Amino acid sequence: MSNPLLSVENVIASYSSKLVLQKISMKIDQGEIVLLMGYNGAGKSTLLKIIFGDLHVNTGKITYLGKEITNLPIYKRREIGMAYLPQSNNIFSDLNVYDNLQVSGNGLNSLELNQRIEETFDIFPVLKNMHRKRAGLLSGGERQMLAMGMLLLTRPRLLLLDEPSAGLSPALVIEIMQKIVEINKTYGTAILLVEQKVAVALKIANRCYLLKNGHVSFEGTPQEIKEIISRRVVHA
């Protein structure tokens, strides 16, 4: 069996002096969609920040592509193919859509940048239709599509998404989930998804982790977690 793309081993971490993650272990294989579930405060967002290097671990180890990256700075994690979409502040509101994409593609030559922007428009055609519109005037769903499109320009191997459908209408939630699947299939991008709209997210995930009080309380397939939820409802 090939090594996982990402491995988190016995990670303990604190946030604002509070112990949040307690011996968390998990893995993500190349090209799969993994759903990270749990109530608010369970440690989901903290785990994403730990993986991306935005927070430091107390103890434990993180391995990516077979190499330990536990103490690797954020810019190095970007260089090796990791990208992170936070819940907010993920676009440049004062720039227009096209300029947001250009800024994200900084470092690419003009030919490659233009090609990748066009490919991004293929996945998010709504962005092409409003490419000169100021990003701060976009709707919530359009902002999230722009934010994901900006990350796509770097062609990440691992994409960390923190509640990309937060605050969106049910129809837009479904559309965002469909775009995540399209990104996964088009580029083979592995995705770690934190999402409160569990019923919709379970439909696109390959595997799931359930966090409870900073621990992994369940690991398995969407079907297995659905059966657990169903049994709890029946016996409630």
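Predicted, not measured: the structure shown is a model, and the values here were computed from it.
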Which residues pass the side chain to side chain donor-acceptor pair (under 3.5 Å) test with [X], not counting sequence neighbours?
X      : result
Gln178 : none
Thr186 : none
Arg78  : none
Arg143 : none

Margin query: Going by salt bridge (charged side-chain N to carboxylate O under 4.0 Å, His left out), name the residues that satisfy it together with Lys23, two or more places apart in sequence or in a different chain.
Written below: none
Check: Within a strict 4.5 Å, meaning less than it, do heavy atoms of the Val11 and Lys61 side chains meet?
Finding: no
Next item on the list: Please examine the side chains of Glu32 and Arg207, heavy atoms only from C-beta on, and report whether any two atoms are closer than 4.5 Å.
Entry: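 Side chain of Arg207 against side chain of Glu32, heavy atoms only: contact under 4.5 Å found.
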Under a 3.5 Å threshold, yes or no: a donor from one side chain and an acceptor from the other, between [X] and [Y]?
X      : Y      : result
Thr59  : Asn10  : no
Thr221 : Gln223 : no
Asn213 : Gln22  : no
Gln196 : Asn40  : yes

Next item on the list: Any ring-ring contact (aromatic ring centres under 6.0 Å, His included) involving residues 184-221? Give me the pairs, sequence neighbours left out, ordered by first then second residue.
Entry: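 Found none.
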Listing request: all salt bridge (charged side-chain N to carboxylate O under 4.0 Å, His left out) pairs with a residue in [range], at least two apart in sequence or in separate chains.
range            : answer
residues 110-122 : Glu112-Arg116, Glu118-Lys128, Glu119-Arg155
residues 87-96   : Asp94-Arg134
residues 36-56   : none

Checklist line | Cation-pi, Tyr98 ring and Arg132 (6.0 angstrom, 45 degrees) | finding: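 Judged by the rule (NZ or CZ under 6.0 Å from the ring centre, within 45° of its axis), Arg132 counts as positioned above Tyr98.
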Shortest non-hydrogen contact from [X] toward [Y]:
X      : Y      : value
Lys212 : Ser217 : CB-OG, 3.8 Å
Ile80  : Leu65  : O-CD1, 4.3 Å
Val97  : Leu127 : CG1-O, 4.0 Å

Next item on the list: Mind checking ring-ring contact (aromatic ring centres under 6.0 Å, His included) for Phe52 and listing every partner two or more places apart, or none if nothing turns up?
Entry: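 For Phe52, the residues satisfying ring-ring contact (aromatic ring centres under 6.0 Å, His included) (neighbours in sequence not counted) are Tyr84.
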Check: Going through the checks in order, is the side-chain contact (heavy atoms from CB on, under 4.5 Å) test met by His131 and Asn96?
Finding: CA-CA 7 Å; His131 68 281; Asn96 66 34; over 6 Å; no
Check: Between Leu153 and Thr120, is a side-chain contact (heavy atoms from CB on, under 4.5 Å) present by the stated rule, with each step listed?
Finding: CA-CA 7 Å; Leu153 289 178; Thr120 298; 3.7 Å; yes
Check: Can you check side-chain contact (heavy atoms from CB on, under 4.5 Å) on Val8 and Ile50, steps first, answer last?
Finding: CA-CA 10 Å; Val8 176; Ile50 287 289; over 6 Å; no
Item checked: Residues clustered with Leu19, ILVMFWY side-chain links under 4.5 angstrom -> Ile12
List the atom pairs, with distances to 0.1 Å, where a side-chain N or O of residues 156-169 and a protein N or O form a donor-acceptor pair under 3.5 Å, not counting sequence neighbours.
{"from": "Arg157", "atom 1": "NH2", "to": "Gln30", "atom 2": "OE1", "distance (Å)": "2.7"}
{"from": "Asp162", "atom 1": "OD1", "to": "Ser45", "atom 2": "OG", "distance (Å)": "3.2"}
{"from": "Asp162", "atom 1": "OD1", "to": "Gln87", "atom 2": "NE2", "distance (Å)": "3.4"}
{"from": "Asp162", "atom 1": "OD2", "to": "Ser45", "atom 2": "OG", "distance (Å)": "2.8"}
{"from": "Ser165", "atom 1": "OG", "to": "Glu195", "atom 2": "OE1", "distance (Å)": "2.9"}
{"from": "Ser165", "atom 1": "OG", "to": "Glu195", "atom 2": "OE2", "distance (Å)": "2.6"}
{"from": "Ser169", "atom 1": "OG", "to": "Leu172", "atom 2": "N", "distance (Å)": "3.3"}

Next item on the list: Verify the neighbour count for atom CG of Asn109: are there more than 12 heavy atoms of other residues, nucleotides or ligands below 6.0 Å?
Entry: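 Yes, because the 6.0 Å sphere around CG of Asn109 holds more than 12 heavy atoms from other groups.
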